[in-house]
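Note that this is a predicted model, so its numbers are computed, not measured. Both ligands and their constituent atoms are indexed starting at 1 by order of listing.
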Amino acid sequence: MSKKWKITVPGSTANLGPGFDSIGLSLSLYLELTVSLQDEWEIIHLSEGLPKEFELKNHLIYNVANETAKRYNKVMPSCRIEMTSQLPFARGIGSSAAAIVAGIEIANLLCDLQLSVQDKLNLSSQMEGHPDNATASVLGGLTISSMDEEGNVDTIHVHDLEASFVLFIPEVMLKTCEARDVLPSSFKRQYAVRASSGANMLAAALVLKDYKRIGKYMESDLFHEPFRADLIPHYHEIREEAKKAGAFGTALSGAGPTMISIIPNSIGEQFVEKMKERFPTHKIVLTKPDQRGVHVEEISSVSKIR
Ligand code: HSE
């Protein structure tokens with residue numbers, strides 16, 4: 001008999017405006033995998049949006065699982081992974097962080113690594129390079145994090161934001177590395193003070209669940225959005241129209257090109273309908289924060305025929 005597990009990882013949005021590389025929020029959109037031991041590695045993409053053709057040695061989940069096992073001096077056994085995803089690639093909704101978190105869980109399960117939550121936060125953030133998306137996918141809810149030079153992550157975890165989040169997902173992709181290339185490498189002191197005061201107010205408003213101020217400070221970013229705006233389809237129009245339709249505020253989701261509005265729960269469907277009419281080339285998706293984070297469940301034991 002061999003075991004079979006289901007691993008569910010929420011996608012996430014990062015930054016929420018000025019919380020650059022630090023603030024993350026998990027979303028009710030998921031990467032789901034079923035995993036079982038098998039004599040040879042096999043990864044099967046079941047969703048339409050996942051690439052049909054790929055090489056195993058380039059697959060992020062395969063590489064993360066092997067790397068995680070190696071860090072603990074274990075050898076990753078081969079396995080069969082079937083995956084479905086509601087997270088389109090290179091759109092700024094945390095598909096790579098979710099894949100990293102999944103790969104770590106697979107190694108944890110199959111190599112019996114007994115990783116703590118803190119280990120998972122550290123490993124996933126180190127592999128992603130920043131802790132915003134990864135911490136949100138591990139813990140669920142909202143995360144405000146800092147990672148030191150040794151890769152130790154400290155996270156303040158905020159539950160139960162009572163608001164909805166609407167994604168404006170364009171057809172085009174934007175790789176994070178390209179969206180990072182346009183950022184300045186340094187800021188003058190006065191500018192940095194203004195930028196960090198916006199980030200401080202955003203973090204405080206999130207902790208206080210002061211939704212009007214969350215919206216206001218989501219729109220105050222000076223660290224990255226002014227430099228990325230030209231890469232984003234309808235950046236200014238989406239902010240304006242969302243505000244007119246009742247959003248508290250709108251920001252780039254991660255590095256973009258998706259944008260995200262925070263809205264009162266009460267206006268969800270009507271807001272989405274208006275935005276669908278106004279931005280027909282975007283996919284408009286109503287989400288909530290996921291509250292659970294990564295979840296692993298043993299789903300069955302399957303007989304192995306030799
Ligand atoms: N904080 C990251 C960025 C998120 O804005 O570049 C995307 O990985």
### Message
To check your reading of the model: name the closest protein heavy atom to atom 6 (O) of ligand 1, its residue, and the distance in Å.
### Response
Arg180 NH1, 2.5 Å

### Query
How long is the gap from CG on Leu31 to OG on Ser85, to the nearest 0.5 Å?
5.0 Å

### Task
With heavy atoms only and a cut-off of under 4.0 Å, state how Leu252 meets ligand 1: side chain, backbone, both or neither.
neither

### Query
Hey, what's the ring geometry for Phe279 with His282, parallel, tilted or perpendicular (30° and 60° as the breaks)?
perpendicular

### Message
Considering both backbone and side-chain atoms of His224, is one of its nitrogen or oxygen atoms within less than 3.5 Å of a nitrogen or oxygen in ligand 1?
### Response
no

### Residue portion contacting ligand 1 (non-hydrogen atoms closer than 4.0 Å) for Asp21
both

### Message
As an exercise, identify every atom of ligand 1 less than 4.0 angstrom from a heavy atom of Arg228.
### Response
3 (C), 5 (O), 6 (O)

#### Entry: Heavy-atom nearest neighbour in the protein, as seen from atom 8 (O) of ligand 1, with distance rounded to 0.1 Å
His130 CE1, 3.1 Å

### Query
Could Arg180 and Asp21 be called an ion pair, given the rule that one side-chain N must be under 4.0 Å from one carboxylate O?
yes

### Task
Could you grab the distance from atom NZ of Lys244 to atom NZ of Lys274, nearest 0.5 Å is fine?
11.0 Å

### Query
Can you check ring-ring contact (aromatic ring centres under 6.0 Å, His included) on Phe168 and His234, steps first, answer last?
CA-CA 10 Å; Phe168 298 74; His234 300 302; over 10 Å; no

### Message
Tell me whether Glu277 at atom CD has more than 12 heavy atoms from other residues, nucleotides or ligands lying less than 6.0 Å away.
### Response
no

#### Entry: Under 4.0 Å to a heavy atom of Phe20 - the qualifying atoms of ligand 1, by number
3 (C), 5 (O), 6 (O)

### Task
Decide if atom CD1 of Ile156 counts as having more than 12 heavy atoms of other residues, nucleotides or ligands within a radius under 6.0 Å.
no

### Message
Please classify the Lys175 to ligand 1 contact at 4.0 Å (heavy-atom distances, strictly less than): side chain, backbone, both or neither.
### Response
neither

### Query
Going by the order shown, which atoms of ligand 1 are within less than 4.0 Å of some heavy atom of Asn15?
1 (N), 3 (C), 5 (O)

